[in-house]
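Scroll down for the structure; my scribbles are underneath it.
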Amino acid sequence: MTSSGMNMMSRIIFYEDRNFQGRSYECMSDCPDMSSYLSRCHSCRVERGCFMVYDRTNYMGNQYFMRRGEYADYMSMMGMSDHIRSCRMIPMYRGNYRMRIYERENFGGQMYELMDDCDNIMDRYRMNNCMSCNVMDGHWLMYEQPHYRGRMMYFRPGEYRNFMNMGWSGMRFMSMRRITDSCY
């Protein structure tokens with residue numbers, strides 16, 4: 001199956017109440033504002049694909065990675081609020097992965113190139129801060145704590161010159177993980 005065929009089939013269903021009850025909203029692609037469809041969201045079912053969900057419109061605020069499965073009460077399970085306001089479909093990618101991380105904003109300071117997961121940039125590179133990055137290939141999750149813990153942020157191919165300008169002031173990224181086809 002081609003990656004575009006897999007992306008066409010991605011589907012997530014949000015429910016207002018726990019255990020897949022109440023009004024629902026089905027999404028098969030990016031949705032920048034779900035507030036007109038649901039007043040709250042307490043459960044969801046990812047039938048195919050992977051998604052990032054956000055607690056603010058336009059893909060802002062806290063982010064949560066959702067892979068195939070049922071989340072009957074994911075608000076309490078993951079510490080999420082009931083205000084899921086946008087979601088982004090993560091396309092399946094099967095190529096090489098490559099990302100450059102930088103110690104300072106605007107690609108300044110130390111630079112390291114990653115082609116695989118890194119569970120702790122301090123241990124691997126003696127780098128205590130990551131303030132910008134350039135994702136050349138693949139889709140990545142970056143975490144605020146080592147060993148893929150804490151708040152996360154989704155990065156698709158592109159240049160990210162200053163994380164503080166993206167609404168993440170004071171947050172440091174300490175581990176990075178590729179979103180591989182095993183997530184689907």
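The side-chain heavy atoms of Met136 and Asn134, taken from C-beta on, include a pair separated by under 4.5 Å. Residues Tyr154 and Ile179 have side chains in contact (heavy-atom distance under 4.5 Å, counting atoms from C-beta outward). At least one side-chain heavy atom of Met52 sits less than 4.5 Å from a side-chain heavy atom of Met152. Within the 4.5 Å cutoff, the side chain of Trp140 has heavy atoms near those of the Arg178 side chain. Under the 4.5 Å side-chain criterion, counting only non-hydrogen atoms from C-beta, Ile121 is in contact with Met176.
Here the closest non-hydrogen pair linking Ser43 and Ala72 is CB-O, 3.2 Å. The minimum heavy-atom distance linking Leu38 with Tyr15 is given by the pair CD1-N, 4.5 Å. Residues His139 and Arg156 approach most closely at ND1-CB, 3.5 Å, considering heavy atoms. Closest non-hydrogen pair, Met28 versus Met89, comes out as O-SD, 4.5 Å. Smallest separation of non-hydrogen atoms from Gly138 and Pro157: O-CD, 3.3 Å. The shortest heavy-atom contact between Leu114 and Cys118 is CD2-CB, 3.6 Å.
Listed by chain and residue number, Asp123 satisfy the side chain to side chain donor-acceptor pair (under 3.5 Å) test with Asn120 (two or more places apart in sequence, or in another chain). Take Tyr54 and apply the ring pair (Phe, Tyr, Trp, His ring centres under 6.0 Å) test, not counting sequence neighbours, and it matches Tyr59. Taking Asn96 as the reference, nothing meets the side chain to side chain contact (heavy atoms under 4.5 Å, CB included) condition, with sequence neighbours excluded.
We find the SG-CG distance between Cys41 and Asp55 to be 11.5 Å, quoted to the nearest 0.5 Å. Here CD1 of Ile90 is found 6.0 Å from CG of Leu141. Values are rounded to the nearest 0.5 Å. Going from atom SG of Cys44 over to atom CD of Glu70 covers 9.5 Å, rounded to the nearest 0.5 Å. Atoms OG and CZ, on Ser132 and Arg161 in that order, are 8.5 Å from each other to the nearest 0.5 Å. Here the straight-line distance linking atom CD of Glu159 with atom CG of Asn106 works out to 10.0 Å at 0.5 Å rounding. In this structure, the separation between CZ on Phe65 and OH on Tyr143 is 7.0 Å, given to the nearest 0.5 Å.
Glu105 contributes no side-chain N or O that, together with a main-chain N or O of Asn162, makes up a donor-acceptor pair within less than 3.5 Å. Looking only at distances, a side-chain donor or acceptor of Glu144 sits under 3.5 Å from a matching main-chain atom of Arg151. Looking at Arg85, its side chain never comes within 3.5 Å of a backbone N or O of Met34 through a donor-acceptor pair. Ser175 places a side-chain N or O within 3.5 Å of a backbone atom of Gln145 that can act as its donor or acceptor partner.
A 6.0 Å sphere centred on CZ of Arg45 holds more than 12 heavy atoms belonging to other residues, nucleotides or ligands.
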Asp119/Arg177 under salt bridge (charged side-chain N to carboxylate O under 4.0 Å, His left out): CA gap, chis, key distance, verdict
CA-CA 8 Å; Asp119 68 347; Arg177 175 178 277 166; over 6 Å; no
Test log, rule side chain to side chain contact (heavy atoms under 4.5 Å, CB included), inputs Tyr148 and Asp117:
CA-CA 10 Å; Tyr148 319 115; Asp117 299 349; 3.3 Å; yes
Atom pairs and distances, donor-acceptor, side-chain atoms in residues 19-26, under 3.5 Å, two or more places apart:
residue: Gln21; atom: NE2; partner: Asn19; partner atom: O; Å: 3.2
residue: Arg23; atom: NH2; partner: Tyr37; partner atom: O; Å: 2.2

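Applying the 4.5 Å side-chain rule to ILVMFWY residues, one finds Phe107, Met111 in the same cluster as Tyr102.
In this pair, Tyr112 and Tyr125 present their aromatic rings parallel. The plane angle is below 30°, not in the 30 to 60° band.
The only member of Arg172, Met127, Met174 that meets side chain to side chain contact (heavy atoms under 4.5 Å, CB included) when paired with Met122 is Met174.
Judged as a salt bridge (Lys or Arg N to Asp or Glu O under 4.0 Å), the pairs with a partner in residues 125-138 (not counting sequence neighbours) are, in order, Arg98-Asp137.
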